[in-house]
Novice: 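Before anything else, here's the structure in question.
Note on naming: letters A, B, ... go to the chains in the order of the sequence lines (proteins, then strands), and numbering restarts at 1 for each one.
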There are 2 protein chains.
Amino acid sequence: MAVGAPQCEVAYNVDVRTLNAVTAEPVSRHERKERTRRALLDAALRLFAERGFGGVSLREVAKQAGIVPTAFYRHFASMEDLGVALVEESMRTLRGMIRSARNDPRTSAGMIRASVRTLAEHVRANEAHYWFLIRERYGGTGAVRQAIGIELRLFSRELAVDLARFEYLREWSTEDLNMMADLIVTAMLGTVLDLLEARQGDTEADARIVRTAEKRLRLITLGVPGWRTGQA
Amino acid sequence: MAVGAPQCEVAYNVDVRTLNAVTAEPVSRHERKERTRRALLDAALRLFAERGFGGVSLREVAKQAGIVPTAFYRHFASMEDLGVALVEESMRTLRGMIRSARNDPRTSAGMIRASVRTLAEHVRANEAHYWFLIRERYGGTGAVRQAIGIELRLFSRELAVDLARFEYLREWSTEDLNMMADLIVTAMLGTVLDLLEARQGDTEADARIVRTAEKRLRLITLGVPGWRTGQA
DNA sequence: CTATTGAGTGTACGGGTGTGCACTGAATGG
DNA sequence: CCATTCAGTGCACACCCGTACACTCAATAG
């Protein structure tokens with residue numbers, strides 16, 4: 001993490017075998033296992049970005065990670081298990097994003113700009129994680145979709161707490177704050193998808209998407225002063 | 001189809017063979033083929049609702065429809081081809097929904113209520129279609145996700161045209177209208193997912209979801225009078 | 001130093017996959 | 001009435017899937 005480079009998109013064709021062969025000797029068993037685990041997670045994330053969770057087999061993940069299929073079970077009970085682990089990891093990066101946005105000390109319109117920009121940068125730096133979240137949020141079938149749903153709801157609730165600190169929102173009911181937070185999260189996930197679908201490097205498209213995202217947020221916040229909590 | 005029953009959820013265990021065997025003779029070749037095609041689409045839609053597009057094999061669809069796997073190719077070149085056909089069909093029911101909502105002649109707050117209610121009823125009456133759209137909108141991998149993306153964008157543009165008729169929105173730029181329409185569509189798709197995930201028959205949950213959806217829309221529309229097109 | 005542990009290996013299995021091919025037999029058109 | 005068309009059949013193939021099982025052999029623990 002000391003380096004500013006993206007952490008998951010690297011090492012495309014390096015599997016554990018070569019990795020462990022290249023490195024110097026002093027590696028404990030724990031460490032070796034942890035490395036393989038990471039290799040599995042990275043391989044899975046990479047493959048999911050191409051074909052989605054459902055389209056990737058245990059064998060493929062194992063092969064990409066540089067181990068034999070049956071060794072997969074030393075780390076995860078099943079692909080679903082691995083999927084859930086990835087959900088937690090991805091949500092961690094999402095929380096990291098909002099923490100960055102939160103710590104940027106600005107207000108009102110300036111804050112919207114800063115937040116959207118932070119989001120966009122974060123998406124570009126962690127494309128695979130965001131692809132995974134977006135895809136499986138709706139497309140998944142089992143435990144993975146469920147896990148994402150739960151985590152995202154939690155995330156939205158945290159955002160509601162943040163919102164409650166703003167002047168106009170201080171007296172809103174919890175229900176209304178949650179509603180607004182959900183709306184914001186949903187809108188921002190839409191923006192994430194737009195960013196992911198625009199091909200990376202197309203700065204013009206990125207700028208347009210960011211501008212639209214800002215407008216969305218501004219429109220939502222414009223409604224706030226006129227809102228009467230508890231109405232209808 | 002003369003009966004008023006839902007059209008896709010029925011006939012769970014009836015395949016083409018038995019259907020064609022039961023019915024009286026006067027069936028042309030065209031008609032028989034069309035029936036089998038429908039059986040394939042219905043079977044696919046049914047299976048997709050359970051395991052998603054990616055999780056269903058050509059063989060399964062064929063078996064559920066009552067034909068042998070290789071006969072599938074008499075109707076579709078591939079599963080993707082069938083998927084795209086299903087996208088068009090599902091979008092047709094979505095357009096049907098908005099047409100119903102549009103023809104309900106009310107204004108302002110009353111219109112929001114009516115629209116959301118129409119949406120909820122429509123979702124309940126066509127769960128499989130909506131499951132398919134929502135799932136593959138994000139989760140899909142190939143031509144299907146792309147087709148949904150295109151159709152949904154088109155749909156959103158139509159909504160923008162509708163919006164332009166409203167008093168406060170008459171002077172908005174096209175870009176801003178599209179932005180608002182996208183926001184509304186995204187928010188409503190979120191509502192659709194909420195409805196689909198609430199188990200059918202839970203009228204209390206349905207009511208809560210509908211209320212939240214109305215609030216979302218109301219918050220968005222509240223911002224409209226304060227909006228200055230072309231700003232920032 | 002010796003015994004144990006456990007990550008990773010290799011083989012083998014039963015089952016599901018898409019699809020090519022030669023076919024049947026009833027509706028169709030001349 | 002006969003020839004053609006073509007939706008649907010049945011078999012075969014080569015491939016990928018998850019996973020059970022017995023194994024190796026280096027890092028660890030006593």
Novice: To the nearest 0.5 angstrom, please state how far the OG1 atom of A:Thr93 sits from the CD atom of A:Glu88.
Specialist: 13.0 Å
Novice: When rounded to the nearest 0.5 angstrom, what distance separates NZ in B:Lys215 from CG in A:Asn178?
Specialist: 10.0 Å
Novice: Consider the side chain of A:Arg59, meaning its heavy atoms from C-beta on, and name the nucleotide among D:dT9, D:dC17, C:dG18 that approaches it most closely.
Specialist: D:dC17
Novice: What is the separation between atom CZ on A:Arg38 and atom C1' on C:dA7, rounded to the nearest whole Å?
Specialist: 18 Å
Novice: Could you check how far CG of A:Leu40 sits from P of C:dA7, rounded to whole Å?
Specialist: 12 Å
Novice: Which of these passes side chain to side chain contact (heavy atoms under 4.5 Å, CB included) with B:Leu152: B:Thr186, B:Leu94, B:Asp182?
Specialist: B:Leu94
Novice: Which whole-number value in Å describes the distance from B:Lys63 NZ to C:dG18 P?
Specialist: 12 Å
Novice: Using a strict threshold of under 4.0 Å (side-chain N to carboxylate O), is an ion pair present between A:Arg35 and A:Glu31?
Specialist: yes
Novice: Which nucleotide, C:dA7, C:dG10, D:dG10, lies nearest any side-chain atom of A:Thr70?
Specialist: C:dG10
Novice: Near DNA chain C, which residues from residues 72-85 of chain A have a heavy atom under 4.0 Å away?
Specialist: A:Arg74, A:His75
Novice: How many Å lie between CZ on A:Arg32 and C1' on D:dC25, as a whole number?
Specialist: 12 Å
Novice: Can you tell me how the ring of A:Phe132 sits relative to the ring of A:Phe48, calling it parallel under 30°, perpendicular over 60° and tilted otherwise?
Specialist: parallel
Novice: Please write out each protein N/O paired with an N/O of nucleotides 28-30 of chain D under 3.5 Å, distance rounded to 0.1 Å.
Specialist:
from   : atom 1 : to      : atom 2 : distance (Å)
D:dT28 : OP1    : A:Arg29 : N      : 3.2

Novice: Atom CD of residue position B:Gln146 - does it have more than 12 heavy atoms of other residues, nucleotides or ligands inside 6.0 Å?
Specialist: no
Novice: Hey, does B:Ser57 reach any base, or is it just sugar-phosphate, or nothing, if we go heavy atoms under 4.0 Å?
Specialist: sugar-phosphate
Novice: Identify which nucleotide among C:dG20, D:dG8, C:dT9 has an atom closest to any side-chain atom of B:Ile67, counting heavy atoms from C-beta outward.
Specialist: D:dG8
Novice: Can you check the B:Glu31 CD to C:dT28 C1' distance for me, whole Å?
Specialist: 15 Å
Novice: Report yes if the side chains of A:Val123 and A:Met97 come closer than 4.5 Å at any heavy-atom pair, otherwise no.
Specialist: no
Novice: In plain terms, say whether B:Glu175 and A:Arg208 are close enough for a salt bridge, that is, a side-chain N and a carboxylate O under 4.0 Å apart.
Specialist: no
Novice: Is any side-chain N of the basic residue among A:Arg102 and A:Glu158 closer than 4.0 Å to the acidic one's carboxylate O?
Specialist: no
